[in-house]
Amino acid sequence: MDNVANYLEKNNEKLLKELFDFLRIPSISSEKEHKEDVKSAANWIIRNFQEIVFDKVQLIETEGHPLVYAEWNGAGKDAKTVLVYGHYDVQPVDPIELWESSPFEPFIKDGKIVARGSADDKGQLFTHLKAAEFYLKSEGKLPVNLKFIIEGEEEASESHIDEFIEQNPELLKSDVVVISDTEWFYYGMPSICYGLRGISYFELEVTGPNRDLHSGSFGGAVDNPIQVLAWIINQMKDKYGRIAIPGFYDDVLELTEMERENFNKLPFDLTEYKADLGVKEVNGEMGFSTLERIWARPTFDVNGIKGGYIGAGQKTVLPSKASAKFSFRLVPNQKSEDIAKKVSKFIQMVAPPTVKINLKVMSGANPVLVDPNGPAIKSCITSLEKAFGKEVVFMREGGSIPVVETFTKVLHAPVVLMGLGLPNDNIHSPNESFSVDNFFGGIKASAYFLKEFSNNIK
Ligand code: BES
Ligand code: MN
Ligand code: MN
């Protein structure tokens with residue numbers, strides 16, 4: 001079994017070359033121009049599974065981007081079944097001018113593979129394919145039955161995987177779902193994530209007069225939609241950093257003292273955090289630490305705002321329209337549908353009669369907590385510790401992985417968030433990267449996990 005280290009050493013160049021080929025495909029799911037590239041990435045994975053020699057490898061078309069399904073069932077009926085989820089789509093690259101080199105021309109710098117999608121999620125996902133390859137090429141078999149379901153719409157606003165899972169519970173039936181799409185607390189500190197926030201995403205358009213007006217002739221007499229929009233946005237949070245929407249906190253699961261203590265034990269350095277971000281002070285909900293705010297408290301953020309004149313020089317205009325995109329991160333046990341209703345009601349209530357408003361609910365995902373004490377997690381701890389030679393820490397994340405809730409609900413299998421990213425990987429930002437150590441260590445950890453989990457009692 002410790003052949004995995006040998007295998008990695010022998011195949012070091014091949015493994016990196018393959019990952020680089022995968023990273024070269026600009027599979028940006030939210031940009032229409034890249035539709036074919038997204039499909040090429042799906043087909044690239046299919047070919048990779050065929051080389052590894054999986055029993056069944058399928059491209060599954062959806063109304064959006066395709067899913068990839070693969071399975072190897074040679075361990076037999078009595079063996080455990082592991083399902084791996086990941087996503088092969090990536091975020092857009094803008095602002096492109098801040099990249100040190102082309103986002104789809106991977107290279108290694110300071111021990112990190114730099115490319116869009118390297119950490120989120122192609123590099124992390126790929127570790128599981130390569131762990132399977134190690135077993136099949138060097139031992140001819142895997143210790144468990146292994147299935148993969150890989151999507152190309154995680155970063156897009158519409159996704160079809162949930163529907164597919166709901167319609168195919170038998171196909172996806174498994175004893176555990178393994179996902180590597182989260183981060184460690186720190187470099188050299190292997191971490192297991194047991195909580196993700198949810199999200200509720202909106203677009204609000206405010207329309208005032210039926211056309212742009214001269215601000216001299218009309219200013220002071222007609223409401224300005226940009227200012228109304230800004231005013232509405234300001235009503236959403238109070239001066240204590242709490243969201244002011246009635247009923248918003250109704251279902252929030254409060255942190256236990258025990259959990260707060262555990263957060264506190266993590267080596268979080270606020271001074272370093274501020275310096276890294278270039279901010280003088282942090283700010284958030286009163287009464288909570290920074291980690292608590294990110295991991296266990298809901299928030300409201302405006303993601304973009306549009307309206308009026310921002311060209312060269314000046315234009316004395318009172319614009320007809322303004323719009324904003326904004327979102328709430330949710331925590332257990334909030335439900336995105338319930339939040340959407342409360343937000344709509346609140347905006348109807350506070351919007352002045354001088355404007356028309358149009359609120360679009362764009363997407364939602366519920367928050368999740370996974371059981372940090374189950375047998376699957378035990379196997380995960382052991383494998384990470386063996387692979388990286390360091391003690392595992394438990395953490396939560398502020399980000400969201402929408403499909404996790406669906407896996408839990410439909411498959412009734414525990415989900416293990418065995419992330420391999422690092423906090424400075426710049427996911428969704430310029431110069432995204434993935435640690436070379438975590439790539440190879442991740443392959444090891446995945447291989448150990450399959451072995452460890454195969455020995456668990458059913
Ligand atoms: N891998 C991330 C989720 C994540 C973010 C994990 C940060 C750990 C730290 C995932 O690909 C992602 O970006 N999710 C989106 C989902 C949203 C578009 C519904 C997110 O969290 O914004
Ligand atoms: Mn991701
Ligand atoms: Mn992402």
Side-chain angles (χ1 to χ4, degrees), residues 23 27-31 38 41 64-65 84-94 103 115-128 149-162 178-186 191-203 291 293-296 298-304 325-331 334 336-337 339-340 361-370 394-406 415-430 432-434 438 442:
L23 291 171
S27 48
I28 306 171
S29 55
S30 60
E31 296 180 351
V38 178
H65 301 296
V84 175
Y85 160 85
H87 62 93
Y88 67 82
D89 63 325
V90 304
Q91 281 279 319
V93 297
D94 58 286
R116 172 55 89 228
S118 52
D120 188 12
D121 177 43
K122 286 173 170 172
Q124 295 200 54
L125 161 67
F126 202 51
T127 59
H128 298 289
I149 182 78
I150 306 171
E151 77 167 315
E153 297 181 301
E154 202 273 345
E155 308 284 14
S157 52
E158 220 191 321
S159 170
H160 297 85
I161 188 171
D162 303 276
V178 178
I179 303 177
S180 294
D181 193 23
T182 49
E183 290 169 354
W184 288 6
F185 192 75
Y186 219 74
S191 313
I192 295 177
C193 173
Y194 67 94
L196 294 163
R197 289 199 289 190
I199 190 166
S200 201
Y201 204 110
F202 303 85
E203 180 167 16
L291 285 184
R293 287 168 178 169
I294 301 171
W295 291 351
T299 57
F300 164 64
D301 273 289
V302 179
N303 306 108
K325 294 194 179 193
F326 55 83
S327 52
F328 298 84
R329 290 284 169 173
L330 310 178
V331 299
Q334 291 178 296
S336 67
E337 272 182 30
I339 294 301
V361 181
M362 295 187 64
S363 71
N366 287 333
V368 284
L369 277 179
V370 306
F394 277 81
M395 62 182 284
R396 286 167 69 165
E397 283 285 1
S400 314
I401 306 175
V403 75
V404 173
E405 195 208 16
T406 314
V415 173
V416 173
L417 298 168
M418 191 178 184
L420 299 164
L422 294 174
N424 59 357
D425 280 349
N426 296 324
I427 64 168
H428 295 207
S429 296
E432 178 175 349
S433 64
F434 184 41
N438 283 21

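Small disclaimer: the values here were computed from a predicted structure and weren't measured. Only heavy atoms go into these numbers, but all of them, side chains included; no hydrogens, no water, no symmetry mates. Whatever order the structure lists them in is the order used to number ligands and atoms, beginning at 1.
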Would you indicate whether the side-chain heavy atoms of [Y] and [X] approach each other to under 4.5 Å?
{"X": "Arg329", "Y": "Ile199", "answer": "yes"}
{"X": "Leu196", "Y": "Thr182", "answer": "yes"}
{"X": "His128", "Y": "Val178", "answer": "yes"}

Test item: Asp121 side-chain N/O and Gly86 main-chain N/O as donor-acceptor pair under 3.5 Å: no
Minimal non-hydrogen separation, Ser29 against Gly152, with atom names: CB-O, 3.2 Å
Shortest non-hydrogen contact between Ser200 and Ser336, atoms and distance: OG-O, 3.5 Å
Tyr186 atom OH, neighbour heavy-atom count above 12 within 6.0 Å: no
Can you give me a line-by-line list of nitrogen or oxygen pairs between ligand 1 and the protein shorter than 3.5 Å?
{"from": "ligand 1", "atom 1": "1 (N)", "to": "Asp120", "atom 2": "OD1", "distance (Å)": "3.2"}
{"from": "ligand 1", "atom 1": "1 (N)", "to": "Asp181", "atom 2": "O", "distance (Å)": "3.0"}
{"from": "ligand 1", "atom 1": "1 (N)", "to": "Asp181", "atom 2": "OD1", "distance (Å)": "2.8"}
{"from": "ligand 1", "atom 1": "1 (N)", "to": "Asp181", "atom 2": "OD2", "distance (Å)": "3.1"}
{"from": "ligand 1", "atom 1": "11 (O)", "to": "His87", "atom 2": "NE2", "distance (Å)": "3.2"}
{"from": "ligand 1", "atom 1": "11 (O)", "to": "Asp120", "atom 2": "OD1", "distance (Å)": "3.0"}
{"from": "ligand 1", "atom 1": "11 (O)", "to": "Asp120", "atom 2": "OD2", "distance (Å)": "3.3"}
{"from": "ligand 1", "atom 1": "11 (O)", "to": "Glu154", "atom 2": "OE1", "distance (Å)": "2.7"}
{"from": "ligand 1", "atom 1": "11 (O)", "to": "Glu154", "atom 2": "OE2", "distance (Å)": "3.4"}
{"from": "ligand 1", "atom 1": "11 (O)", "to": "Glu155", "atom 2": "OE2", "distance (Å)": "3.1"}
{"from": "ligand 1", "atom 1": "13 (O)", "to": "Glu155", "atom 2": "OE1", "distance (Å)": "3.3"}
{"from": "ligand 1", "atom 1": "13 (O)", "to": "His428", "atom 2": "NE2", "distance (Å)": "2.8"}
{"from": "ligand 1", "atom 1": "14 (N)", "to": "Glu154", "atom 2": "OE2", "distance (Å)": "3.3"}
{"from": "ligand 1", "atom 1": "14 (N)", "to": "Ser400", "atom 2": "O", "distance (Å)": "2.8"}
{"from": "ligand 1", "atom 1": "21 (O)", "to": "Arg329", "atom 2": "NH1", "distance (Å)": "2.9"}
{"from": "ligand 1", "atom 1": "21 (O)", "to": "Ser400", "atom 2": "N", "distance (Å)": "2.9"}
{"from": "ligand 1", "atom 1": "21 (O)", "to": "Ser400", "atom 2": "O", "distance (Å)": "3.4"}
{"from": "ligand 1", "atom 1": "22 (O)", "to": "Arg329", "atom 2": "NH2", "distance (Å)": "2.8"}

Plane angle bin for Tyr194 and Phe394 - parallel if under 30°, tilted between 30 and 60°, otherwise perpendicular: tilted
Aromatic plane relationship, Tyr85 with His87 - under 30° parallel, 30 to 60° tilted, over 60° perpendicular: tilted
Total protein N, O or S atoms, the Mn ion (ligand 2), separation less than 2.8 Å: 4
